[in-house]
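Just so we're on the same page: letters track the sequence lines, and every chain starts at 1.
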Amino acid sequence: MDSGAYLFLSLICYAVGAVHVLVHVITRRRLLTTLTIASTLLGFAFHTAALSQRWTEAGHFPSTGLHDGASLLAWGTVLVFLLVYLSTRVDALGLFAYPFTFVLVLMASLSPEGPPPDSVLRGLFMPVHTVLAVFGYGALFAAFTMGVLYLIQENELRSRSPRRFYYMIPSLERLDTIGGRSVIGGFAFLTLAILTGFHWNMSLNGRYWTGDPKEWAALAAWVIYVVQITARFRAGWGGRRAAWLGIAGFGIVVFTFAWATLVPSVAAAAR
Amino acid sequence: MIVVVGLSHQTAPLEIREALAFPKERLGEALAKVREETGLTEAMILSTCNRVEIYGRAPEPRAETVGEFLARYHDQPIDDLEKYLYRHEGDAAVRHAFRVAASLESMVLGESQILGQVKRAYEAAEEAGSLGSVLNALKNRTYGAAKRARTETAIGRNAVSVSHVAVELARKIFGDLKDRAVLLVGAGKMSEVAARQMVKDGARAAVLGGRTLEKAEQLAATLGGRSAPLEALRTEIEKVDVVISGTGASGLVVHRADVEAAQAARRHRPLFLIDIAVPRDIEPSAGKVQGVFLYDIDDLKSVSDANLRVRQKEAASAESIVDQEIRGFLDWRHSLDVVPLLVELRGRAEEIRRGEIEKARRRLGPLTPEQEKAVDALTSGIVNKLLHSPTVRLKEMAQNGHHEEYVGLIRKLFGL
């Protein structure tokens, strides 16, 4: 089978997850939990196979262009979701992770495979650097989700007449803890990704900083991590304020990434 | 036949339920009496504050006599009781037994105590030697159905009593209550119930006394915590995560300033204030302080109402699970009805077969072992093939409950 077929199979498996979230929200029931986790694991296996197959087919690590980029980002998100679920049994992350993953993989399936990148992008540095960065962003996404869930749950608790989310979302303490751990984990991965990136830039261009949009996004994310960690562990910012930071952090990264990609001059000037 | 006779919160007021209750220590004697006086071969008495019911097995319909026994035993005229009593026999009795155990008939839908009460009732009946195969089977199947209804639906999942709602909210804020600290201001019953549950979950408790410290000390001792005078309020709030206030004071006890000071010291970590006093103990605007969740008694009630609505929604799924289980049990019971007939039928056929082989042997003389075997296989084959279809059909009809007339017919046809 070619990588597209594997990717399609994983899309079907993830669709089960997305449908589950819908059913879950509508019926407040955990009808499909075992089934969904099984199907997500299966989807993840297909997805991994798709990436590996695509690597072989393309002859380089598939991380550039919409097709490969979206697929890889989805893969990292699923991995982070599975890690959080398996270590904490909190499935509320799925409320966001399932639809997000589904949309990313759908985008990847519908978009054509990109042209091969410059030969300089081949080599082992690329996968190491990219996977580290994907984990960093995946963790940032987890912190974002935890922040949103925290605010929803807090709102439910303050409303004094709980609606469906009250029953579904775990305790504030739990969300705060997982959010904090995501921040620490993400910070570690992103720092390593940036260091490998600098090293790589240096060996390719003789410079540490080239002004590529990805560099700006990475730097923004890194600064946000530093702010969050300082706020949380030095100033004792937990709960609501940490939740807002988590949301703002992810927002800034998405914005930076979009801005830097959409304003071609930024990237063009650097080339 | 299974019978149920009794009354419940749905049919009788509290005074009547009280008058007909069976004290635990007299259950054994009452069970012996009911069997002796009404001809029940098996019996069980379920007596809780919301229902008094006698379950029994009788060779023929017995509901009338059991009702009379209930009145006689408690020295009540049966005519006065008549309007409160319900009597179920056969399938209806089975249905009732399942629904009661699954808490579908409870005053608080989905409450969990009823199954324990049913269990104890069966245990008492077991001790009194009044359980036989039928009630035993009913016991096992009702437990199974009740457990399925609880685990597969959310009928019993969210708290509906005010104290338990408070505990559940605390869990929604703090997750695990292990090593959390709870402060009781005033030593009321409702605070005690909530605090006891939190201590069971691993929280530490402290009690602030009002006018007399003595009561606070006693409560602190039973909760395994410490006590302090009310004047220490401000410093005590700083040390805890949950405050349950339920004094009888006419004015405010916990002021916004106290909470603000405490939150500043606690770096605005979540603080859960529960005000179960009427008039209120905690200044309402204290709920606006950062990190504070303030619930008064009305708020707790509104959460309880929301939880009850969830239970009512879940009740439909629970009902269908219980219905499934009831059908399973009834099918099994009905299939038992035809077992004696089938045994007789087989016995008669076997008798005829052996007789015919004997006759044939006399005519044929001695047979070789192979021939012996062949004759045996031939005759058994004919018997089995002939009886196969009636056996299957009878079992099917029994499961649908349409077997009774056929049982008589078959007896006539085969001369059984």
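For residues 301-312 of chain B, no residue pair satisfies the salt bridge (Lys or Arg N to Asp or Glu O under 4.0 Å) rule, not counting sequence neighbours. Sorted by first then second residue, the side chain to side chain donor-acceptor pair (under 3.5 Å) pairs that include residues 259-268 of chain B, not counting sequence neighbours, are B:D241-B:R266, B:R256-B:E260, B:Q263-B:R266. The side chain to side chain donor-acceptor pair (under 3.5 Å) analysis of residues 139-154 of chain A, with sequence neighbours excluded, yields the pairs A:E154-A:R240.
Other residues, nucleotides and ligands contribute over 12 non-hydrogen atoms within 6.0 Å of the NZ atom of B:K239. Under a cut-off of 6.0 angstrom, the local environment of CZ in A:F8 is sparse, with at most 12 non-hydrogen atoms contributed by other residues, nucleotides or ligands. Counting non-hydrogen atoms of other residues, nucleotides and ligands closer than 6.0 Å to CD of B:Q113 gives a total of 12 or fewer.
Judged by distance alone, the side chain of B:K172 and the main-chain N or O of A:Y166 form a donor-acceptor pair under 3.5 Å. Counting only distance, with no hydrogens or angles, the side chain of B:Y295 and the backbone of A:L157 share a donor-acceptor pair below 3.5 Å.
With a threshold of 4.5 angstrom between heavy atoms, B:V165 does not approach chain A through any atom at all.
When each of B:D299, B:L300, B:N158 is scored by its heavy-atom pairs under 4.5 Å with chain A, the top score falls to B:D299.
From B:R171, atom CZ reaches atom CD of A:E173 across 15.0 Å, with rounding to the nearest 0.5 Å.
Using non-hydrogen atoms only and a strict 4.5 Å limit, the part of residues 173-180 of chain B facing chain A consists of B:I173, B:F174, B:G175, B:R180.
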